[in-house]
Amino acid sequence: MYGRKACQLVKELASCESEQLSAYNADLFDQVTRECSTHHVELQTLIRKIQDEGLDTQATKNPDHFGALIHHLALVRNKRCLMAYMYNRADIVRSLRWKVGPVLPQEILGKLNFSETEYFKNHSAALDSYMSEMELDLTVDFVPPKDPYIQVRVLDDIGDVLLSDKSANLAPHSIHFLKRTDAEPFIAQGLMEELAN
């Protein structure tokens, strides 16, 4: 049946939790793409046959016309499913920059194909360029802070880092009083946690 594989691709996307990625299904995506190519070839063959018979493609309603219509509609449906799959994945990849920062964890990278990885890098670079031009970090403080400084506990060995107002050795299990803007990237990556006041 036409469109079954494209439907599986969209169902796979819909079965994931909101804002979660499943591994890119290259095999199924390629099968749908090959099916689109087959529909395109069949459509062109039937249109050529109608034109060779000298029939008006707009007025003729014979089996070839209906066959061409079926191939055209199947081709359009498959393309819409492919576009929905890629658009939704691209939307999630774009949102990852805001959630986890400029470096993706390995478990997420394993779910992306090469194009999605490049898209993330380009989106991240464009965002970084804009923020440096504006001298404003848009990735911190989605909720206005009550205090510009927070108390944090380091969860993993980060080492010596240069912060905006000082340098610090962020050793595991150490507790620091840092600017929120300095701590947010480490919190987003899971390297430290904010302590409740």
Side-chain angles (χ1 to χ4, degrees), residues 8-30 81-197:
Q8 287 175 348
L9 203 59
V10 174
K11 281 182 181 178
E12 180 182 299
L13 184 68
S15 69
C16 290
E17 291 181 34
S18 179
E19 298 296 316
Q20 295 295 318
L21 275 177
S22 61
Y24 179 77
N25 195 336
D27 182 46
L28 191 55
F29 193 90
D30 291 342
C81 290
L82 290 172
M83 292 300 292
Y85 184 74
M86 292 308 295
Y87 176 81
N88 284 299
R89 287 183 65 85
D91 193 37
I92 294 169
V93 168
R94 228 181 3 261
S95 72
L96 286 172
R97 174 59 175 90
W98 298 94
K99 291 178 182 171
V100 298
V103 179
L104 290 175
Q106 201 58 39
E107 66 267 7
I108 293 176
L109 275 174
K111 295 178 179 181
L112 304 179
N113 70 358
F114 177 76
S115 299
E116 291 170 331
T117 305
E118 288 301 306
Y119 178 70
F120 178 81
K121 288 178 186 174
N122 292 338
H123 176 68
S124 187
L127 185 61
D128 289 341
S129 172
Y130 177 77
M131 288 188 305
S132 68
E133 190 174 309
M134 294 291 135
E135 297 179 4
L136 178 67
D137 190 355
L138 299 173
T139 60
V140 295
D141 294 335
F142 289 117
V143 177
K146 294 176 185 167
D147 188 359
Y149 287 88
I150 59 173
Q151 191 173 21
V152 294
R153 176 184 297 125
V154 179
L155 301 174
D156 199 2
D157 187 20
I158 300 171
D160 291 324
V161 293
L162 184 60
L163 303 171
S164 61
D165 58 350
K166 62 182 176 183
S167 65
N169 180 6
L170 302 177
H173 309 295
S174 60
I175 296 176
H176 301 272
F177 199 64
L178 301 176
K179 278 188 175 179
R180 183 176 295 277
T181 54
D182 290 336
E184 285 290 339
F186 297 113
I187 293 171
Q189 294 173 25
L191 299 174
M192 63 174 58
E193 65 182 356
E194 182 176 357
L195 298 175
N197 292 338

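In this chain, residues are counted from 1 in sequence order. Computed over heavy atoms, backbone and side chain alike; hydrogens, waters and symmetry mates excluded.
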If only atom types and distance count, is the side chain of [X] paired as donor or acceptor with the main-chain N or O of [Y] below 3.5 Å?
X	Y	answer
Q189	F186	no
D91	Y87	no
S124	K121	no

Handout entry: Aromatic ring pairing Y24/Y85, orientation class (parallel under 30°, perpendicular over 60°, tilted between)
Key =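 Ring orientation of Y24 relative to Y85: tilted.
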What distance do [X] atom [atom1] and [Y] atom [atom2] have between them, rounded to the nearest 0.5 Å?
X	Y	atom1	atom2	result
R153	L195	CZ	CG	5.0 Å
L109	F120	CG	CZ	8.0 Å
I158	H176	CD1	NE2	8.0 Å
L155	L170	CG	CG	11.0 Å
Y130	M134	OH	CE	4.5 Å
L104	R97	CG	CZ	9.5 Å

Problem - P105 vs V100 side-chain heavy atoms within contact, under 4.5 Å - result: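 The answer is yes; the side chains approach within 4.5 Å.
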Problem - Side chain to side chain, I187 and I150, heavy atoms closer than 4.5 Å - result: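 They are in contact (side-chain heavy atoms under 4.5 Å apart), so the answer is yes.
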Considering all heavy atoms of both residues, which atom of [X] and which atom of [Y] are nearest to each other, and what is their separation?
X	Y	value
L28	N25	N-OD1, 3.1 Å
V154	A171	CB-O, 3.2 Å
S164	K179	OG-CD, 3.4 Å
Q151	I175	NE2-CG2, 3.4 Å
N169	S174	O-OG, 4.4 Å
R89	K111	NH2-O, 2.8 Å

Handout entry: CD/E107: more than 12 non-hydrogen atoms of other groups inside 6.0 Å
Key =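 Counting other residues, nucleotides and ligands, CD of E107 exceeds 12 neighbours.
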Handout entry: CD (E19) with more than 12 external heavy atoms under 6.0 Å
Key =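 More than 12 within 6.0 Å, yes.
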Exercise for the section: Show your reasoning for whether side chain to side chain contact (heavy atoms under 4.5 Å, CB included) applies to R94 and L127. Expected result: CA-CA 10 Å; R94 228 181 3 261; L127 185 61; over 6 Å; no
Practice task
Check the pair L21, V93 against side chain to side chain contact (heavy atoms under 4.5 Å, CB included), reporting the backbone distance first and the verdict last.
Solution key: CA-CA 8 Å; L21 275 177; V93 168; 4.2 Å; yes
Practice task
Could you please spell out the steps behind the side chain to side chain contact (heavy atoms under 4.5 Å, CB included) verdict for C81 and V10?
Solution key: CA-CA 6 Å; C81 290; V10 174; 3.7 Å; yes
Handout entry: salt bridge (charged side-chain N to carboxylate O under 4.0 Å, His left out) between K166 and D182, intermediate numbers included
Key = CA-CA 10 Å; K166 62 182 176 183; D182 290 336; over 6 Å; no
